[in-house]
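Following: one structure in structure tokens, then a few remarks.
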There are 2 protein chains.
Amino acid sequence: MQFSVGVEYSLHCLLYLVDVNERSVGIKDLAAYQGVSESYLSKFFAKLKKNGIVESVPGAKGGYRLARAPETITFWDVVEAVEGSEPFFKCTEIRQNEIILDRSNLPASHTKSPCLIHKVMDEAEAQMKHFLQSKTLKWLYDEVQNKVPSVHIQATKEWFERNL
Amino acid sequence: MQFSVGVEYSLHCLLYLVDVNERSVGIKDLAAYQGVSESYLSKFFAKLKKNGIVESVPGAKGGYRLARAPETITFWDVVEAVEGSEPFFKCTEIRQNEIILDRSNLPASHTKSPCLIHKVMDEAEAQMKHFLQSKTLKWLYDEVQNKVPSVHIQATKEWFERNL
DNA sequence: TTTATCGTGGATAATAATTATCCGCGATAC
DNA sequence: GTATCGCGGATAATTATTATCCACGATAAA
Ligand code: FES
Ligand code: FES
């Protein structure tokens, strides 16, 4: 039960994209700046694009930019884009295997209403989802502006400007 | 990002152990009743034991019973026992790779305070943990007593009694 | 128009995690 | 003594994650 590294990669990258409004930043730059694999990072951006989080500019001098306002991009959106939308808990309906049951004529209690254990686990995921939906990229950006030394923020901005 | 099937197996099994007070139930019976692999299920019970959720009775007619009151066993305890206690989000400290940094002299902002993204993801896990800690095995047992037809509960109990 | 750049999708592979089985050991009930 | 059972280690099959490479089409710049 672990998140893919793509979640860390993606969130850090998206943070750099907030400043890039009309223009775009290439995978090459994003990968170089963070010292990660270019080709691997590109796989995650494909998912982010498919989920409407970023949009791409094809061709030379192309790259990526946010597809919508950072206020509307939540941590959950990114997690879901990268990890897929399968629920964390996959119930195998083990209850329907109970040896005392007639497999060809299962009681309503085992087919109609969801298994309580399943329900609790789904609710647990919903708790995490709710929390992550409350954290937007805009919020992250603003917090970082306040907490990281402005000299470093400026240097980052300039590095990307140079390669725009 | 998925829970192992051991979580489903374990929770369903523990439910059957609530009634079994002084005595014990063997893996063989638990596996047979639920139609799952005996040897595989035993691996999860090893973890449940190591984490003090169940205790074992060795030797013939041996088996497992709860190691403590079902009021004190939470869904989270079971998840942690089965999945291990590694955090869901493993931060690779990607921020320390930023190309503009001097790797041999990292700024305090990148080493002292935790990365905000990391912090948010850990908090998200904490949300789920908090919720799952609020759901005890006793609560689950009581809910099931209310919702599942008593004829089925009785039949289950009798099946395990026969093989005790 | 050529050329270099860059996203895109597919193929492929290395590594790790999950799922699953088997077997021998020691403890215990009968 | 013997059959039963938990226990731990070894092992393997399957799947997911991590990672690379390449050919393609689109585009900007020369
Ligand atoms: S049957 Fe799947 S969690 Fe109960
Ligand atoms: S450095 Fe790991 S989440 Fe930011």
Side-chain angles (χ1 to χ4, degrees), chain A residues 1-10 13 17 20 22-32 34-51 53-65 67 79 81-84 86 88-90 92 94 163-164, chain B residues 1-10 13 17 20 22-32 34-51 53-65 67 79 81-90 92 94 163-164:
Chain A
M1 178 70 171
Q2 299 238 126
F3 288 106
S4 132
V5 290
V7 175
E8 184 180 12
Y9 285 15
S10 298
C13 285
L17 292 187
V20 181
E22 305 296 293
R23 297 163 297 168
S24 70
V25 178
I27 288 287
K28 208 174 163 185
D29 291 335
L30 286 167
Q34 299 181 109
V36 299
S37 153
E38 210 177 305
S39 55
Y40 191 33
L41 184 59
S42 77
K43 296 300 172 189
F44 295 118
F45 266 84
K47 293 184 176 189
L48 294 173
K49 184 188 175 185
K50 193 180 287 181
N51 283 265
I53 291 170
V54 299
E55 60 189 18
S56 65
V57 179
K61 290 279 162 186
Y64 289 96
R65 65 167 79 101
V79 167
V82 171
E83 299 277 328
E86 293 292 296
F88 295 167
F89 184 82
K90 51 177 165 156
T92 66
I94 191 181
N163 302 37
L164 96 157
Chain B
M1 180 66 171
Q2 299 237 128
F3 288 105
S4 133
V5 290
V7 174
E8 184 180 12
Y9 285 15
S10 297
C13 285
L17 293 187
V20 181
E22 306 296 293
R23 297 161 299 169
S24 70
V25 177
I27 288 288
K28 207 174 163 183
D29 291 335
L30 287 167
Q34 299 180 109
V36 299
S37 153
E38 210 177 306
S39 55
Y40 191 34
L41 183 59
S42 76
K43 296 301 173 189
F44 295 118
F45 266 84
K47 293 184 178 191
L48 293 174
K49 185 190 175 184
K50 193 181 288 181
N51 283 266
I53 292 171
V54 298
E55 60 190 18
S56 65
V57 179
K61 290 279 165 187
Y64 290 95
R65 65 168 79 102
V79 167
V82 172
E83 299 277 329
S85 39
E86 293 292 295
F88 295 167
F89 184 81
K90 52 178 165 158
T92 65
I94 192 180
N163 302 37
L164 96 157

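Below, chain A is the first sequence line, B the second, and so on; all start at residue 1.
Within the nucleic acid shown, Gly6(A) has no heavy atom closer than 4.0 Å to any nucleic acid atom. Among the heavy atoms of the strands lying under 4.0 Å from Lys43(A) is at least one base atom, whether or not backbone atoms are also near. Residue contacts for Ser39(A): at a heavy-atom cut-off of 4.0 Å it reaches a base atom on one of the strands shown. Across all strands, Lys47(A) comes closer than 4.0 Å to no nucleic acid atom at all (heavy-atom distances).
Spacing between atom CG of Leu17(A) and atom P of dG7(C) amounts to 11 Å, rounded to whole angstrom units. For the pair Lys49(A) NZ and dA26(D) P, the computed distance is 12 Å after rounding to whole Å. Whole-Å rounding puts the Glu86(B) CD to dA16(C) C1' distance at 14 Å. The CD atom of Gln2(A) sits 16 Å away from the C1' atom of dT15(D) (whole-angstrom rounding). Look at CZ on Phe3(A): it is 17 Å from P on dA17(C), rounded to the nearest Å. When rounded to the nearest whole Å, the span between NZ of Lys90(B) and P of dT17(D) equals 10 Å. With rounding to whole Å, Leu41(B) atom CG is found 16 Å from dT18(C) atom C1'. When the P atom of dA19(D) is taken as reference, atom CD of Gln34(A) falls 14 Å away, rounded to whole Å.
Comparing Lys50(A) and Ala60(B), the nucleotide of DNA chain C nearest to each residue sits closer to the 5' end for Lys50(A). Heavy-atom nearest nucleotides on DNA chain D were determined for Ala46(B) and for Asp29(B), and the one closer to the 5' end corresponds to Asp29(B). Toward the 5' end of DNA chain D, the nearer of the two residues Phe44(A) and Val25(B), judged by each one's closest nucleotide, is Val25(B).
With dG6(D), dC6(C), dT19(C) as the choices, the nucleotide that has an atom nearest any side-chain atom of Tyr40(B) turns out to be dT19(C). For Ile27(A), taking side-chain heavy atoms from C-beta onward, the closest of the listed nucleotides dG7(C), dT18(D), dG9(C) is dG7(C). Between dA29(C), dT18(D), dC7(D), one nucleotide has an atom nearer to the side chain of Lys61(B) than all others, and that is dA29(C). Across dA19(D), dG6(D), dT19(C), the shortest atom-to-atom separation from the side chain of Tyr9(A) is found for dA19(D). Out of dA26(D), dA20(C), dA19(D), the shortest distance to the side chain of Pro58(A) is found at dA26(D). Nearest nucleotide to the side chain of Ser37(A), out of dT20(D), dC6(C), dC7(D): dT20(D).
The shortest side-chain heavy-atom distance between Val5(A) and Tyr40(A) falls under the 4.5 Å cut-off. No side-chain heavy atom of Arg23(A) sits less than 4.5 Å from a side-chain heavy atom of Arg65(A).
Remark: the backbone N or O of Ala81(B) is not paired with any side-chain donor or acceptor of Lys47(B) at under 3.5 angstrom. Between the Glu38(A) side chain and the Ala32(A) main chain, no donor and acceptor come within less than 3.5 Å of each other.
Using cut-offs of 30° and 60° on the angle between ring planes, the pair Phe3(A) and Phe88(A) is perpendicular.
Across all their heavy atoms, Met1(A) and Met1(B) have their closest contact at CE-CE, 3.0 Å.
In terms of phosphate contacts, Ser4(B) brings a side-chain nitrogen or oxygen within less than 4.0 Å of OP1 or OP2 of dT19(C).
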